[in-house]
Amino acid sequence: MKPILFFCALVVSVSVYSQELFTMPKGQQSRASSFENPNGLKGSGGKTNQGAKGNAFEPLKAGESKILLETTDAGTIQRIWVTIGDRSFKMLRSLRIQMYWNGESKPAVDVPFGDFFMAPLGRPVAFQSALFSNPEGRSFNCYIPMPFQKGAKVVITNEGNNDLRQLYYDIDFVRLDKPQKDILYFHANWNRETKGAPEKDFELLPRVEGKGRFLGVNVGVNVDSSYGTTWWGEGEVKMYMDGDAQYPTFNGTGTEDYIGTGWGEAAFMHLYQGCMVADDKKKQYSFYRFHIPDQIFFYKDARVTLQKMGGGDDPEVKRLKAKGVVLQEISVIMRNGFARLLDRPVAMTDPDFPKGWVNFYRVDDYSATAYFYLDKPSSNLPPLAPVAERVQ
């Protein structure tokens with residue numbers, strides 16, 4: 001590794017996790033839970049096959065659940081690694097990962113396995129970011145710190161019709177002699193919308209109540225082919241925080257703008273923002289944004305949305321509208337200005353309709369996993385959608 005890259009990686013590690021590599025912490029023991037030592041019990045690893053790799057993986061049959069970690073101590077999960085033998089879209093959406101803190105009966109994390117680990121379209125790709133990685137497209141790593149005061153439980157369930165023959169995992173965590181004070185608990189929520197009114201924004205994060213931090217989101221889009229070659233990603237990200245009603249406090253300028261690029265969206269993977277899949281032929285896109293250097297805190301509630309909006313040259317949009325494709329024109333970018341069609345409506349059939357790039361509401365298949373911290377070990381959000389809705 002080149003020196004400058006090593007320095008950058010070290011800075012990221014220290015800034016994200018507030019770790020000092022050269023000091024010895026007090027009241028802390030390192031542990032790792034796997035099938036070779038469930039729950040990371042002291043001196044209990046590798047008991048099968050006389051310690052010679054006897055239980056590296058286990059199957060997960062259809063309808064079966066397995067507890068990957070269960071402890072009643074205080075501590076922090078530092079890293080989760082998983083790999084599975086079947087990485088198809090159906091399996092990645094059928095597996096359900098849940099995380100419980102402090103003995104709560106309601107999970108703080110309740111998300112499809114693949115979506116949680118940054119494969120929202122069921123298409124794992126090799127990438128690295130500040131919080132997740134997939135070194136070669138065959139494994140799943142999460143480095144989000146997840147503290148707990150009175151216990152943690154991580155469960156994976158196969159809600160599909162097919163058995164999973166091989167499930168491997170490690171959960172690396174620290175056990176603490178004393179609980180940490182004033183912590184925020186990690187949460188994750190999954191949402192999907194395949195239909196709905198074009199003008200109704202897609203909720204990346206439905207309204208969550210409490211005090212916390214919006215950590216980021218990954219999004220998958222299956223683009224509706226009925227819109228031809230027009231661009232799907234003109235929608236603005238909006239964050240409604242602490243009582244915002246009609247209008248948000250945070251308002252972006254476009255979908256690709258939100259992840260730090262512009263004028264379209266190709267594949268790239270950076271620390272805090274990226275696009276894992278940009279497939280024009282299959283009309284699939286997946287991308288992410290993590291708010292680590294640009295912290296997003298809320299003190300009462302938070303809701304994050306993305307407009308379902310696209311754009312195209314005016315002749316193409318007019319042709320689609322004449323065919324009966326579901327769309328609503330909203331603005332036109334012209335050479336000499338910006339026409340706001342909702343403020344001053346002009347029919348597309350009118351000879352005076354502005355010429356240029358037409359932004360319009362549309363309907364595509366969106367899914368999103370939102371990551372956030374909350375001052376409570378459970379939230380007001382609903383449980384995960386049934387598997388039939390996830391895999392359709």
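Because only heavy atoms are used, hydrogens play no part in the values below, and waters and symmetry mates are left out as well, while side chains stay in. Predicted, not measured: the structure shown is a model, and the values here were computed from it.
- For the side-chain contact (heavy atoms from CB on, under 4.5 Å) with S331, the lone residue among V358, N359, D343 that qualifies is N359.
- With a 4.5 Å cut-off on side-chain heavy atoms, R79 and N141 count as touching.
- Ionic pairing of D365 and R192 is present here: one or more N-O contacts between side-chain nitrogen and carboxylate oxygen are shorter than 4.0 angstrom.
- For the ring pair (Phe, Tyr, Trp, His ring centres under 6.0 Å) criterion with Y168, the lone passing option out of F35, F57, F140 is F57.
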**Q.** side-chain contact (heavy atoms from CB on, under 4.5 Å) assessment of V332 paired with M348
**A.** CA-CA 11 Å; V332 182; M348 295 195 78; over 6 Å; no

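- Counting only distance, with no hydrogens or angles, the side chain of D242 and the backbone of Y299 share a donor-acceptor pair below 3.5 Å.
- Remark: side-chain polar atoms of N218 are paired, donor with acceptor, to backbone N or O of D115 under 3.5 angstrom.
- Counting only distance, with no hydrogens or angles, the side chain of D244 and the backbone of T249 share a donor-acceptor pair below 3.5 Å.
- I80 places none of its side-chain heavy atoms less than 4.5 Å from the side chain of L68.
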Q. Do F132 and F116 pass the ring pair (Phe, Tyr, Trp, His ring centres under 6.0 Å) test, and can you show the C-alpha distance, the side-chain angles, and the key distance before you say yes or no?
A. CA-CA 10 Å; F132 292 90; F116 179 84; 5.7 Å; yes

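- A heavy-atom distance below 4.5 Å is not found between the side chains of V217 and L205.
- Hydrophobic clustering places M309 together with L342 (ILVMFWY residues linked when any side-chain heavy atoms are closer than 4.5 Å, directly or through intermediates).
- Linking ILVMFWY residues whenever their side-chain heavy atoms come closer than 4.5 Å, directly or via other members, leaves Y371 and M239 in distinct clusters.
- Using the six-membered ring where Trp is involved, F113 and F117 have ring planes that are tilted, between 30° and 60° apart.
- For the 3.5 Å distance criterion, the side chains of S65 and T157 qualify, holding a donor opposite an acceptor.
- Here the CZ-CD distance, from F127 to E136, works out to 14.0 Å after rounding to the nearest 0.5 Å.
- Y285 and D280 form a side-chain donor-acceptor contact under 3.5 Å, judged by distance and modelled atom types alone.
- With a 4.5 Å cut-off on side-chain heavy atoms, I67 and V154 do not count as touching.
- Here the side chains of V208 and F298 are in contact, with some heavy-atom distance below 4.5 Å.
- Within the 4.5 Å cutoff, no side-chain heavy atoms of F360 are placed close to those of Q328.
- Criterion: ILVMFWY side-chain heavy atoms under 4.5 Å apart, direct or through other members. Under it, L374 and F148 are not part of a common hydrophobic cluster.
- A donor-acceptor pair under 3.5 Å is formed between the side chain of R93 and the backbone N or O of P120.
- Listed for the D364 side chain is a donor-acceptor partner under 3.5 Å among the backbone atoms of D224.
- Nearest approach of G274 to I259, heavy atoms of both residues: O-CD1, 3.7 Å.
- Side-chain atoms of Q284 do not come within 3.5 Å of backbone N or O of D279 as any donor-acceptor pair.
- Under the 4.5 Å side-chain criterion, counting only non-hydrogen atoms from C-beta, N134 is in contact with S139.
- I330 is not connected to F353 by any chain of hydrophobic side-chain contacts under 4.5 Å among Ile, Leu, Val, Met, Phe, Trp and Tyr, and they are in different clusters.
- Residues I156 and L167 meet the side-chain proximity criterion, which asks for heavy atoms closer than 4.5 Å.
- Other residues, nucleotides and ligands contribute over 12 non-hydrogen atoms within 6.0 Å of the CD atom of Q295.
- Side chain to side chain, Q149 and Y185 meet the donor-acceptor criterion of an N or O pair below 3.5 Å.
- Ring pair F250/Y258 is perpendicular by interplanar angle, where above 60° counts as perpendicular and below 30° as parallel.
- The main-chain N or O of R165 is never found under 3.5 Å from a side-chain atom of D163 such that the two would form a donor-acceptor pair.
- Judged purely by atom type and a 3.5 angstrom limit, Y227 has no side-chain atom pairing as donor or acceptor with the backbone of R362.
- Without hydrogens or angle criteria, K106 side chain to L381 main chain gives a donor-acceptor distance under 3.5 Å.
- The closest side-chain donor-acceptor pair between R31 and T71, if any, does not fall under 3.5 angstrom.
- Residues V111 and Y366 are members of separate hydrophobic clusters, defined by side-chain heavy-atom contacts under 4.5 angstrom among Ile, Leu, Val, Met, Phe, Trp and Tyr.
- In the displayed structure, K90 atom NZ is contacted under 6.0 Å by at most 12 heavy atoms of other residues, nucleotides or ligands.
- Residue R340 places its CZ atom among 12 or fewer non-hydrogen atoms of other residues, nucleotides or ligands, all under 6.0 Å distant.
- Look at R303 and D301 and you find no salt bridge, because none of the NZ, NE, NH1 or NH2 atoms lies under 4.0 Å from a carboxylate O.
- Each of E199, E203, E193 was scored for a salt bridge (Lys or Arg N to Asp or Glu O under 4.0 Å) with K308, with one residue passing: E193.
- Just one residue in the list I97, L384, V391, L95 forms a side-chain contact (heavy atoms from CB on, under 4.5 Å) with P112, and that residue is L384.
- Put simply, the side chain of S94 never gets that close to the backbone of V387: no donor and acceptor are under 3.5 Å apart.
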